[in-house]
Amino acid sequence: VAIPVLATVGGQSLTVDSSGFGADYDIRDLGDCTGNRALGVDVVFETTIPAGVTMTVSQTQETSFDASLYLLPVFPACGEGTCLAGADESSETEIGVSESVEYANTTDDEMSVFVVADAWIAPTDPTIGEGLFTMDFSWDFSAVGDTCDEAIPVDLTGGDVELFGETSSSRESDYDASSIGNCTGF
């Protein structure tokens with residue numbers, strides 16, 4: 001079962017202990033978007049990328065292993081399909097080394113993805129990649145809701161509404177109400 005991560009303006013940071021997790025995925029079977037083997041212990045997160053939003057994910061080692069990070073579509077199923085994006089730039093096993101992936105949802109619909117925090121291993125040691133690491137998730141909502149084309153759908157049936165934790169002060173003034181019939185009265 002994937003660990004759920006909620007898309008928020010402020011982002012999410014999680015410290016994970018992968019001890020006891022299995023080595024379930026081989027990136028070479030999923031489109032090999034990292035350029036390297038990743039047969040080590042893996043931890044899977046599930047999140048969404050709203051329409052028009054870019055998500056950045058970073059995996060920072062707090063124990064010594066060679067991290068690998070990649071995104072998979074939720075459909076058809078985890079471990080199937082083609083890798084959307086991946087990173088395995090560093091072969092460093094030092095604490096504090098990070099891998100980062102950025103992915104833009106250019107569709108008109110919210111996109112669900114699996115984020116797989118994996119590790120390179122020598123085939124003789126399947127426990128490589130066990131230990132602590134930090135996952136940082138961030139979403140860039142800057143273009144969402146700025147114009148009619150990027151309008152934010154609001155469902156008021158559930159009571160109070162928070163729009164990605166943002167206020168209107170972070171938005172540009174794109175419209176002059178007087179030019180569209182002065183519907184506001186100002």
Side-chain angles (χ1 to χ4, degrees), residues 1-50 53-107 109-141 164-165:
V1 175
I3 299 168
V5 179
L6 180 65
T8 63
V9 167
Q12 300 283 341
S13 184
L14 305 146
T15 299
V16 179
D17 183 352
S18 61
S19 299
F21 280 74
D24 302 302
Y25 303 103
D26 181 353
I27 189 61
R28 294 175 303 172
D29 296 335
L30 304 168
D32 196 10
C33 60
T34 67
N36 291 303
R37 296 178 70 164
L39 299 173
V41 172
D42 40 58
V43 179
V44 180
F45 304 86
E46 183 176 358
T47 192
T48 57
I49 309 172
V53 171
T54 298
M55 178 182 74
T56 303
V57 181
S58 298
Q59 176 186 9
T60 304
Q61 302 159 197
E62 295 186 28
T63 52
S64 182
F65 65 91
D66 182 2
S68 182
L69 184 64
Y70 46 96
L71 275 60
L72 301 173
V74 168
F75 300 102
C78 187
E80 297 178 15
T82 301
C83 182
L84 300 171
D88 191 354
E89 303 299 319
S90 174
S91 61
E92 298 295 322
T93 58
E94 297 174 10
I95 294 171
V97 173
S98 294
E99 296 289 357
S100 292
V101 173
E102 181 176 281
Y103 189 78
N105 178 2
T106 58
T107 71
D109 298 310
E110 180 177 81
M111 171 186 279
S112 295
V113 296
F114 289 116
V115 177
V116 182
D118 209 333
W120 179 90
I121 70 158
T124 57
D125 189 355
T127 64
I128 289 181
E130 284 191 352
L132 292 175
F133 59 91
T134 301
M135 295 293 292
D136 291 305
F137 293 80
S138 64
W139 295 264
D140 180 3
F141 291 93
F164 312 122

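Along the sequence shown, residues are numbered consecutively beginning with 1. If you're wondering where the values come from, they're calculated on a predicted model, not measured in any experiment.
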request  = In sequence, state the C-alpha distance, the side-chain angles, and the governing distance for Val57 and Phe45, and then conclude on side chain to side chain contact (heavy atoms under 4.5 Å, CB included).
outcome  = CA-CA 11 Å; Val57 181; Phe45 304 86; over 6 Å; no
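One distance of note links CD of Glu110 with CD1 of Ile49; it measures 9.5 Å at 0.5 Å rounding. Going from atom CD of Gln12 over to atom CG of Asp136 covers 10.0 Å, rounded to the nearest 0.5 Å. In this structure, the separation between CE on Met111 and OG1 on Thr106 is 7.0 Å, given to the nearest 0.5 Å. From Asp42, atom CG reaches atom OG of Ser18 across 9.0 Å, with rounding to the nearest 0.5 Å. Note that the OG1 atom of Thr56 and the CH2 atom of Trp139 stand 10.0 Å from one another [nearest 0.5 Å]. Rounded to the nearest 0.5 angstrom, Leu6 CG and Thr48 OG1 are separated by 7.0 Å.
A 4.5 Å side-chain heavy-atom check between Leu71 and Met55 finds at least one atom pair inside the cut-off. Between Asn105 and Val53 there is no side-chain heavy-atom pair separated by less than 4.5 Å. Using a 4.5 Å heavy-atom threshold, the side chains of Tyr70 and Glu99 count as separate. Counting heavy atoms from C-beta outward, Met135 and Val43 have side chains that stay 4.5 Å or more apart.
Smallest separation of non-hydrogen atoms from Ala2 and Phe114: CB-CE2, 3.8 Å. Nearest heavy atom pair, residue Phe137 against residue Val115, reads CE2-CG2, 3.9 Å. Taking each heavy atom of Thr54 and Ala104 in turn, the nearest pair found is OG1-CB, 3.5 Å. Summarising the geometry of Ala67 relative to Asp88, their closest heavy-atom pair is O-OD1, 3.1 Å, with the distance given to 0.1 Å. Of all the heavy atoms in Leu69 and Val101, the pair that sits closest is O-CG2, 3.7 Å. When all heavy atoms of Asp118 and Gln59 are compared, the closest pair comes out as O-NE2, 3.8 Å.
Remark: Tyr103 engages no residue in a ring pair (Phe, Tyr, Trp, His ring centres under 6.0 Å) (not counting sequence neighbours). With sequence neighbours left out, the side-chain hydrogen bond (donor to acceptor under 3.5 Å, both in side chains) criterion links Thr47 to no other residue.
Considering Ser98, Ser13, Ser100, Ser138 as possible partners of Ser58, the one that fulfils the side chain to side chain donor-acceptor pair (under 3.5 Å) test is Ser100.
Thr107 and Asp109 are not linked by any side-chain donor-acceptor pair at a separation below 3.5 angstrom, with hydrogens and angles left out of the test.
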